[in-house]
Structure formats: C-alpha cells, structure tokens
Amino acid sequence: MRDVLNTFLMALSGSLLVALAGLAALRALRHRSVTAHFVVILLVSVLSVLAGILSAAMRMFISDHDLHVLLIVVGTAATVSLAVGLWSGRRLARASTWEREAEARRRELVAWVSHDLRTPLAGLRAMAEALDDGVVSDPETVAEYHRRISAETDRMAALVDDLFELSRINAGALRLAVADVPLGDVVSDAIASAEPLATAGHISIVAEPSTGWPVVRGSMPELSRVVNNLIRNAIRYTPPDGTVTVTGGQDDAGGWLAVSDTCGGIPEADLPRVFDVAFRGAPARTPEKSAGGGLGLAIVRGLVEAHQGTVAAANVGDGCRFVVRLPSADRPGRAGTDRPAAPAVAG
C-alpha cells in the first residue's frame with residue numbers, strides 16, 4: 001500500500017510541476033491569439049500525463065521496452081491532440097474575429113440609422129411646429145412644407161422597411177417561394193418603377209440583354225427587390241445626362257444580370273466593402289447626393305446568397321458594374337418551393 005501511495009505522489013508531483021509551468025506560460029501569453037492558448041493547453045495536458053507516467057515508471061522500475069511503448073503511445077496521442085488543438089484554435093479564432101467584426105458593423109449600423117432618423121425627424125418637427133404656430137401661412141409655402149413632410153416620411157418608411165428586410169435575412173426568417181422566374185420580366189418592372197426617378201435626374205436607363213434574358217430559379221418578390229435596389233443605387237450615384245445600362249444572359253454557370261452606370265467609379269479601397277451593412281465610403285461619384293441608408297447593397301447580397309447566387313462589383317470604364325449570378329431554371333437538382341433561406345450575413 002505504501003508503494004502505491006509513493007508512486008501516486010511521484011506521478012502527482014511530476015504532473016503538477018508541468019501544470020504550474022503551463023499556467024505561467026498561459027499567463028505570459030494572455031495577450032496572444034486564441035490558437036496559441038489552445039496549443040499551450042493541450043501541450044500542458046500531454047506533458048502532464050507524460051511527466052506522471054515517467055515519474056511512476058521510475059518508481060516502478062519498468063523495463064526499457066515498456067517505457068518505449070509508453071513514450072510511443074503518449075507521443076502519438078500528443079501529435080494528434082496538438083493537431084486537433086491547432087485546427088480548433090484557428091476555427092475559434094476566426095469565429096471570434098467574425099463576432100468582433102459583426103459587433104462593430106452592428107454598432108456602425110446603429111450609428112448610421114440614428115443619424116438618418118434624427119436629421120429628418122428634426123426637420124419634420126420644425127416644419128410641423130411652423131405650421132402649427134402659423135409662422136408659415138402663405139399657400140405656396142404651406143404646400144411645399146406638406147410636400148417635404150411627405151417625402152421625408154416616405155424616406156424614413158423605406159429605411160424601416162430595409163431594416164426589417166435585413167433582419168429577416170440575418171435571422172434566417174426569409175422564406176423563398178421558389179419558381180422559374182423570367183429575369184426579363186423582373187428587369188422590365190424594375191425599370192418602369194425607376195423611370196420617374198431617372199427622368200427627374202436626367203438619366204437614361206438602357207436594357208440590353210446580351211444573349212437574351214435568362215429564366216432563373218428563384219423567388220419573384222426577392223429578385224424584384226434585388227434588381228430594383230441595383231438600378232436605384234446606380235441612378236442615385238449617376239450624374240445628370242448619365243446612363244444606367246442593364247444587361248443579362250446565360251452561360252455555363254447559370255443566368256446572370258449586370259447593372260452598369262457612369263458614376264465615375266468606386267475607389268479601389270472601397271470595392272471589397274460596398275456590400276457591407278451601412279457602408280457608404282467616400283465615393284468619387286456625386287458625393288453631394290444623398291447616399292441613402294447604406295442598406296440597399298447589403299440587402300442585395302443577402303437575397304442573392306439566399307438564392308445560392310453571387311454578386312460582385314467592379315470598376316468598368318467611366319463607372320462601375322454590379323454582376324449578379326443566379327442558378328438557371330433548367331439546372332438539374334433545383335430546389336423545391338417555399339423553402340426557408342439560409343441566413344446570409346450582411347457586412
């Protein structure tokens with residue numbers, strides 16, 4: 001019994017020495033990456049076991065052959081454990097980084113939305129007080145105040161609608177009634193809807209299908225929103241007498257749609273972030289115009305990815321080009337109807 005107790009104490013002392021050294025190493029690495037912490041923790045665990053085994057082996061006077069077997073077993077386990085720890089640490093580090101970036105984007109979104117709501121609300125309140133107090137009484141000014149109140153109310157309603165759509169996308173609550181959608185019909189409706197806005201800005205909208213409008217697999221309301229957002233975004237940043245061109249076609253990868261403008265281009269540093277939530281950047285394209293809520297392109301990316309498609313932006317000529325790729329309707333193994341869309345992270 002005494003031999004067993006002594007063997008246990010020797011094994012425990014060896015393991016504790018390694019554990020204390022590991023704690024000191026973790027303390028020294030407290031500002032390092034998650035991966036480094038994972039590797040140290042696993043290394044300490046393996047070395048603690050090895051120290052306990054060696055201490056017990058010395059007490060028990062086991063043969064060299066048995067000791068070699070133990071070392072091989074522990075060494076193999078250590079190699080596997082460290083490999084798993086390295087992989088897990090990197091995954092956890094990426095997840096942690098993504099969470100920090102998502103939180104930063106959420107804070108940025110709250111700041112942008114607060115600004116976008118506070119400014120028109122202050123104007124609406126001032127105009128309402130002016131009308132209530134009789135400061136403004138001539139019919140022409142009263143009519144102008146009513147027009148501005150209506151316009152600001154519509155803009156805030158559109159912002160709230162965008163926020164609701166974005167929350168549905170990110171929460172995975174978006175349900176797609178999937179069917180065969182003729183993209184040409186979607187484009188025609190979107191152009192008809194945006195025509196008054198383009199006319200007011202002296203902007204031309206041109207539809208030029210390169211190989212005929214494709215039929216894609218998707219949900220008509222969501223695809224309509226994608227095309228509307230892209231066309232209106234192009235109109236917003238295109239200077240007077242500019243042109244917005246909508247093209248589409250079919251290739252081996254599926255159906256595609258492209259919206260090009262003559263905005264002057266997007267700074268190269270901003271291109272990777274144009275689909276981020278609330279990102280507006282400092283574009284070289286008509287900065288005096290309202291930049292909107294910064295949600296339209298984020299919604300586009302979320303809806304396109306919910307359709308298992310892709311969207312990309314690039315500078316082309318004197319403007320920029322947004323290209324959407326969607327699954328073709330005649331592609332085998334297409335999805336069924338009324339399916340929930342996977343959450344798409346905007347930003």
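On a predicted model such as this, the values are computed, not experimentally measured, just so you know.
- By the 4.5 Å heavy-atom criterion applied to side chains, P240 and I203 are not counted as neighbours.
- A chain of hydrophobic side-chain contacts below 4.5 Å, direct or via other Ile, Leu, Val, Met, Phe, Trp or Tyr residues, connects V142 to I149.
- A distance of 4.0 Å separates SG in C320 from CD1 in I266, rounded to the nearest 0.5 Å.
- I191 contributes atom CD1, which lies 10.0 Å from atom CG of N228 (distance to the nearest 0.5 angstrom).
- The nearest pair of heavy atoms linking I231 to A194 is CG2-CB, 3.9 Å.
- In this structure, L124 and M156 have side chains that are in contact, with non-hydrogen atoms separated by less than 4.5 Å.
- Here the straight-line distance linking atom CG of L326 with atom CD of Q308 works out to 10.0 Å at 0.5 Å rounding.
- Counting only distance, with no hydrogens or angles, the side chain of D185 and the backbone of S188 share no donor-acceptor pair below 3.5 Å.
- In summary, the side chains of S193 and R232 do present a donor paired with an acceptor at a separation below 3.5 Å, with no hydrogens or angles considered.
- V186 is listed as a side-chain neighbour of M220, based on a closest heavy-atom distance under 4.5 Å.
- Contact detail for Y145 and A130: the closest heavy-atom pair is CE2-CB, 3.9 Å.
- Side-chain heavy atoms closer than 4.5 Å link hydrophobic residues (I, L, V, M, F, W, Y) into clusters, and following such links, even through other members, never connects V323 to V227.
- To the nearest 0.5 Å, the span separating CG on L176 from CG on L303 amounts to 8.0 Å.
- Tracing side-chain contacts under 4.5 Å through hydrophobic residues (I, L, V, M, F, W, Y), one reaches V244 starting from L197; they form part of the same cluster.
- Atom CG of N233 is separated from atom CG of D261 by 7.5 Å, given to the nearest 0.5 angstrom.
- Annotation: side chain of V246 is not in contact with side chain of V206 (no heavy-atom distance under 4.5 Å).
- When all heavy atoms of P239 and C263 are compared, the closest pair comes out as CD-CA, 4.1 Å.
- Following chains of ILVMFWY side-chain contacts shorter than 4.5 Å, one can reach L230 starting from L271, so the two form part of one hydrophobic cluster.
- Within the 3.5 Å criterion, the main-chain N or O of S219 finds a donor-acceptor partner in the side chain of H307.
- For the pair V215/V181, no side-chain contact is recorded, criterion being any heavy-atom separation below 4.5 Å from C-beta on.
- Looking at N229, its side chain never comes within 3.5 Å of a backbone N or O of V300 through a donor-acceptor pair.
- Counting all heavy atoms, side chain and backbone alike, V274 lies closest to A313 at CG2-CB, 4.0 Å.
- T245 and E208 form no side-chain donor-acceptor contact under 3.5 Å, judged by distance and modelled atom types alone.
- When all heavy atoms are compared, the tightest approach of F275 to L297 is CD2-O, 3.4 Å.
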### Query
For R225 and E222, what are the C-alpha separation, side-chain angles and deciding distance, and is it a salt bridge (charged side-chain N to carboxylate O under 4.0 Å, His left out)?
CA-CA 5 Å; R225 180 149 196 162; E222 282 71 25; over 6 Å; no
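- In the model, D138 has a side-chain atom that pairs as donor or acceptor with a side-chain atom of T141 under 3.5 Å.
- Atom CE of M127 is separated from atom CZ of R148 by 5.0 Å, given to the nearest 0.5 angstrom.
- Between the side chain of D251 and the backbone N or O of A253 there is at least one donor-acceptor pair closer than 3.5 Å.
- Shown here for R321 and A258, the closest heavy-atom pair between the two residues is NH2-CB, 3.5 Å.
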### Message
Before you tell me yes or no, could you show the steps for D276 and R273 under salt bridge (charged side-chain N to carboxylate O under 4.0 Å, His left out), namely the whole-Å CA-CA distance, both residues' side-chain angles and the distance that decides it to 0.1 Å?
### Response
CA-CA 5 Å; D276 288 355; R273 299 186 58 196; 3.6 Å; yes
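- Contact annotation: the side chain of L183 never approaches that of W256 to less than 4.5 Å [non-hydrogen atoms, C-beta and beyond].
- Considering only heavy atoms from C-beta on, V304 stays 4.5 Å or farther from R325 through its side chain.
- Between R217 and S328, every side-chain heavy-atom pair lies at or beyond the 4.5 Å cut-off.
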